[in-house]
Amino acid sequence: MTRKILSACTLMAFIALMLSACTGADAKPPHFGFYLKSGTKLVEMKEFAGSPDHGETEGIPSALTVQPVIVAWHNRINPQWLQLISGYGEGKLVGYDTAPKADGLLELRPQGVLEPDGYCFVQGDPLGTPYQLATWCFKVSQDASSGQTPGGRTSGLWWVLLILLAAAAAGIYFIYRRGSQQKTTPADTMSSARSASPAFCMHCGQPVQTGSKFCLHCGKLLS
């Protein structure tokens, strides 16, 4: 029984290790900046002074989903003056939600589904000169229009992990219950047979009452 339990525990640990390696932990920014979240990885968004020129849009990272998540970590961020604008900073304002995270990180999520276009987070006084505005841009392509939100695959794998762990725990429980039941040994079987069979005197062969010390027929001592 002990070996079976140890084998089941080893299997659970192996499943947890493999799925943990597949899902991975969220990466942390290596330095100040804006990062496009791609699964558990972070893709750095280049900083521009004002809106990027047409020739500078080639190196702008593409979001894998129509509801991307941006991680911001910067000492010059002022949420009151941080705007999300379509058209690479020259289009319309886009609403977004801000969620503070550990270590001073901000998680920015656009409200609703984004259309294929270029989008920029613009930091600074909107009334100031354009080149004084810090800008971080990303784009949403046509291929991302039907993509799932970041972390969807990871969440699915964690559900698989929980189901497998629950199944392994149930297996251990049934193994323990089965092993804890009292087992009948050959000695117990022989003892039961002796107690159930009738007793006879070893001297005269006549039947005697169980527990008697002397035979009622020949009077000899029963051992």
Side-chain angles (χ1 to χ4, degrees), residues 19-20 22-74 76-128 130 133-163:
L19 287 181
S20 177
C22 292
T23 55
D26 288 343
K28 293 183 179 180
H31 49 75
F32 284 152
F34 277 60
Y35 298 84
L36 186 62
K37 197 170 184 180
S38 177
T40 58
K41 298 181 180 180
L42 296 178
V43 180
E44 186 173 4
M45 299 161 58
K46 183 180 178 181
E47 181 178 352
F48 298 93
S51 298
D53 296 331
H54 184 269
E56 296 177 314
T57 60
E58 294 297 328
I60 293 178
S62 297
L64 300 179
T65 74
V66 294
Q67 293 178 300
V69 177
I70 291 84
V71 176
W73 186 37
H74 211 292
R76 292 189 286 110
I77 292 178
N78 184 347
Q80 295 180 349
W81 284 358
L82 184 64
Q83 298 176 324
L84 177 59
I85 306 177
S86 63
Y88 289 111
E90 297 180 353
K92 299 180 180 180
L93 286 175
V94 179
Y96 67 91
D97 298 320
T98 303
K101 298 297 180 179
D103 301 325
L105 302 181
L106 288 178
E107 196 171 81
L108 311 175
R109 293 176 178 264
Q111 297 173 352
V113 174
L114 298 182
E115 297 294 331
D117 197 356
Y119 298 85
C120 293
F121 281 95
V122 180
Q123 171 69 62
D125 186 355
L127 300 179
L133 300 178
T135 306
W136 298 268
C137 302
F138 66 93
K139 55 188 175 183
V140 177
S141 64
Q142 292 285 349
D143 297 335
S145 60
S146 59
Q148 63 179 355
T149 57
R153 177 177 175 271
T154 301
S155 300
L157 287 175
W158 276 113
W159 274 110
V160 174
L161 171 62
L162 290 176
I163 293 174

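The analysis underlying the following values was restricted to heavy atoms, covering all of them including side chains, and did not include hydrogens, waters or symmetry mates. From a predicted model like this one, the values you see are computed outputs, not experimental measurements.
- Summarising the geometry, atom NZ belonging to Lys37 is positioned 7.5 Å from atom CG belonging to Leu42; distances are rounded to the nearest 0.5 Å.
- Sorted by first and then second residue, the salt bridge (charged side-chain N to carboxylate O under 4.0 Å, His left out) pairs with a member in residues 47-64 read Glu47-Arg76; sequence neighbours excluded.
- Annotation: side chain of Ile70 is not in contact with side chain of Trp136 (no heavy-atom distance under 4.5 Å).
- The side-chain heavy atoms of Lys139 and Thr57, taken from C-beta on, include no pair separated by under 4.5 Å.
- Atom CD1 of Ile85 and atom OH of Tyr119 lie 12.5 Å apart (nearest 0.5 Å).
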Using atom types as modelled, flag every donor-acceptor pair under 3.5 Å from a side chain in residues 91-100 to any protein atom, sequence neighbours excluded.
{"from": "Tyr96", "atom 1": "OH", "to": "Leu82", "atom 2": "O", "distance (Å)": "2.6"}
{"from": "Asp97", "atom 1": "OD1", "to": "Gln111", "atom 2": "NE2", "distance (Å)": "2.8"}

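- How far OG of Ser141 is from CG of Leu64: 8.0 Å, rounded to the nearest 0.5 Å.
- Scanning both residues, Cys137 and Pro61, for their nearest heavy atoms gives O-CD, 3.9 Å.
- Between Tyr35 and Leu105, the closest side-chain pair of non-hydrogen atoms is not below 4.5 Å.
- Listed for the Thr135 side chain is no donor-acceptor partner under 3.5 Å among the backbone atoms of Val122.
- Contact annotation: the side chain of Met45 never approaches that of Ile60 to less than 4.5 Å [non-hydrogen atoms, C-beta and beyond].
- With Gln123 contributing its side chain and Asn78 its backbone, the two residues share a donor-acceptor pair below 3.5 Å.
- Using a 4.5 Å heavy-atom threshold, the side chains of Phe32 and Ile77 count as separate.
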